[in-house]
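For reference, the structure is listed below as C-alpha cells.
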Amino acid sequence: MLKIKFKSIVLNIFCFLIISSCLGQRLHNAKDNKVAIIEETKYIYWVTGYDFSSWKPNEIDFKVADDILIKAINLNQFYFLRGKNISEIKKYYRQYLCYVNERGEKIIYINSMCELFKDYDEDNMPVVFDWKTKMIDIADGGECYWNVKLNMTTQEFFELKINNRS
C-alpha cells in the first residue's frame, strides 16, 4: 500500500511539473512582444535566393537559439552591445525567419531593429510598419539594425551583419 501511494505521489508531481513547464513556456512566448515569427515563405527566397521550405520553432528551438547567440556574444561578435549578455539582444525587435537549407539543416535568420519605423497608409497617414508579418530591410542605421543566421543543426552562427551608419 505504501508503495502504491509513493508511486501515485511521484506520478502527480511529475504531471504537475510537465503541465506547469508547458504553461510557463506558453506564457514566456506570449510575453515577448519583441519577437515575430515570419511565416510568409516568399521571404525565404528574398533572404536566401532559394525556395527552401519553412519550419516553425518551438520552445526548445528558442533556447538553442539563445545559446548560439550567447556563444556569439562571448566571442565578442556583438561588440556594440552595452552589456555582454542575452538580455541586451532581447531589447531589440526581432524577426525570425526559419527555413531548411539544401543540406537539410534548420536555419533561423534573425533580423533585428532597436526601434520600429513608420510606414504610410493609402491616405498617406503615418502608421507603424507591420513588422510582425513583413520582413524589414533597412540600409544604414548602424548598430540599431543587424541580422544573423543560426544553424540550429550544427549550433553555429554565421553571416552576422551589422548595418553601417549613414
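Position 1 is the first residue of the sequence; numbering continues from there.
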Taking only Lys NZ, Arg NE, NH1 and NH2, and the carboxylate oxygens of Asp or Glu, determine whether K106 and D61 approach each other closer than 4.0 Å.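 No, no charged N to carboxylate O under 4.0 Å.
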
Should we say atom NZ of K71 is surrounded by more than 12 heavy atoms from elsewhere, each under 6.0 Å from it?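 Check passes, neighbour count above 12.
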
Checking side chain to side chain contact (heavy atoms under 4.5 Å, CB included) for the pair K34/R94: CA distance, chi angles, key distance, verdict? CA-CA 6 Å; K34 290 194 170 191; R94 298 172 319 279; 4.2 Å; yes

Look up atom [atom1] in [X] and atom [atom2] in [Y], then write down how far apart they are to the nearest 0.5 Å.
X: F157; Y: L75; atom1: CZ; atom2: CG; value: 5.0 Å
X: F52; Y: S54; atom1: CZ; atom2: OG; value: 12.5 Å
X: T133; Y: M135; atom1: OG1; atom2: CE; value: 11.0 Å
X: C114; Y: E143; atom1: SG; atom2: CD; value: 9.5 Å
X: I107; Y: W55; atom1: CD1; atom2: CH2; value: 9.0 Å
X: L69; Y: Q77; atom1: CG; atom2: CD; value: 11.5 Å

Does a side-chain heavy-atom distance below 4.5 Å link [X] with [Y]?
X: F129; Y: K118; answer: no
X: Y96; Y: P57; answer: no
X: N111; Y: W146; answer: no
X: I136; Y: I138; answer: yes

As a quick check of understanding, evaluate side chain to side chain contact (heavy atoms under 4.5 Å, CB included) for M113 and Q95, giving each step before the final call. CA-CA 9 Å; M113 63 225 78; Q95 297 177 308; 4.0 Å; yes

Donor-acceptor pair, side chain of N101 and main chain of E105, under 3.5 angstrom: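 Yes.
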
Can you see which heavy atom on C98 is nearest to which on I108, and at what distance?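 Nearest heavy atoms, C98 then I108: SG-CG1, 3.9 Å.
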
Sequence neighbours left out, cut at 3.5 Å: what donor-acceptor pairs do the side chains of residues 80-88 make with other protein atoms?
{"unit_1": "K84", "atom_1": "NZ", "unit_2": "F78", "atom_2": "O", "d": "3.3"}
{"unit_1": "K84", "atom_1": "NZ", "unit_2": "Y79", "atom_2": "O", "d": "3.0"}
{"unit_1": "K84", "atom_1": "NZ", "unit_2": "L81", "atom_2": "O", "d": "3.4"}
{"unit_1": "N85", "atom_1": "OD1", "unit_2": "S87", "atom_2": "N", "d": "3.2"}
{"unit_1": "N85", "atom_1": "OD1", "unit_2": "S87", "atom_2": "OG", "d": "2.3"}
{"unit_1": "N85", "atom_1": "OD1", "unit_2": "E88", "atom_2": "N", "d": "3.4"}
{"unit_1": "E88", "atom_1": "OE2", "unit_2": "K91", "atom_2": "NZ", "d": "2.9"}

In this structure, would L97 and I162 fall into the same cluster of hydrophobic residues linked by side-chain contacts under 4.5 Å?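 Hydrophobic grouping puts L97 apart from I162.
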
Would you kindly confirm whether I89 and I110 end up in one hydrophobic cluster when ILVMFWY residues are joined by side chain heavy atoms under 4.5 Å apart?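 Hydrophobic grouping puts I89 with I110.
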
So, for Y93 and W131, is the gap between ring centers shorter than 6.0 Å?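 Yes.
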
Please evaluate residues V148 and Y109 with respect to the criterion side chain to side chain contact (heavy atoms under 4.5 Å, CB included), reporting the C-alpha separation (whole Å), side-chain torsions for both, the decisive distance (0.1 Å), and the verdict. CA-CA 6 Å; V148 65; Y109 171 79; over 6 Å; no

Show me the donor-acceptor pairs within less than 3.5 Å that the side chains of residues 35-48 make with the rest of the protein, sequence neighbours left out.
{"unit_1": "E39", "atom_1": "OE2", "unit_2": "K56", "atom_2": "NZ", "d": "3.0"}
{"unit_1": "T48", "atom_1": "OG1", "unit_2": "I44", "atom_2": "O", "d": "2.7"}
{"unit_1": "T48", "atom_1": "OG1", "unit_2": "Y50", "atom_2": "N", "d": "3.0"}
{"unit_1": "T48", "atom_1": "OG1", "unit_2": "Y50", "atom_2": "O", "d": "3.1"}

Assess K149 against F158: is NZ or CZ under 6.0 Å from the centre of the six-membered ring, and within 45 degrees of the ring's axis?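 Verdict for F158: no cation-pi partner in K149.
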
Begin with the C-alpha distance, continue with both residues' side-chain angles, and end with the deciding distance and a verdict on ring-ring contact (aromatic ring centres under 6.0 Å, His included) for Y145 and Y92. CA-CA 9 Å; Y145 302 97; Y92 287 79; 8.7 Å; no

Any donor-acceptor N or O pair under 3.5 Å, side chains N151, E156: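 There is no such pair between these side chains.
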
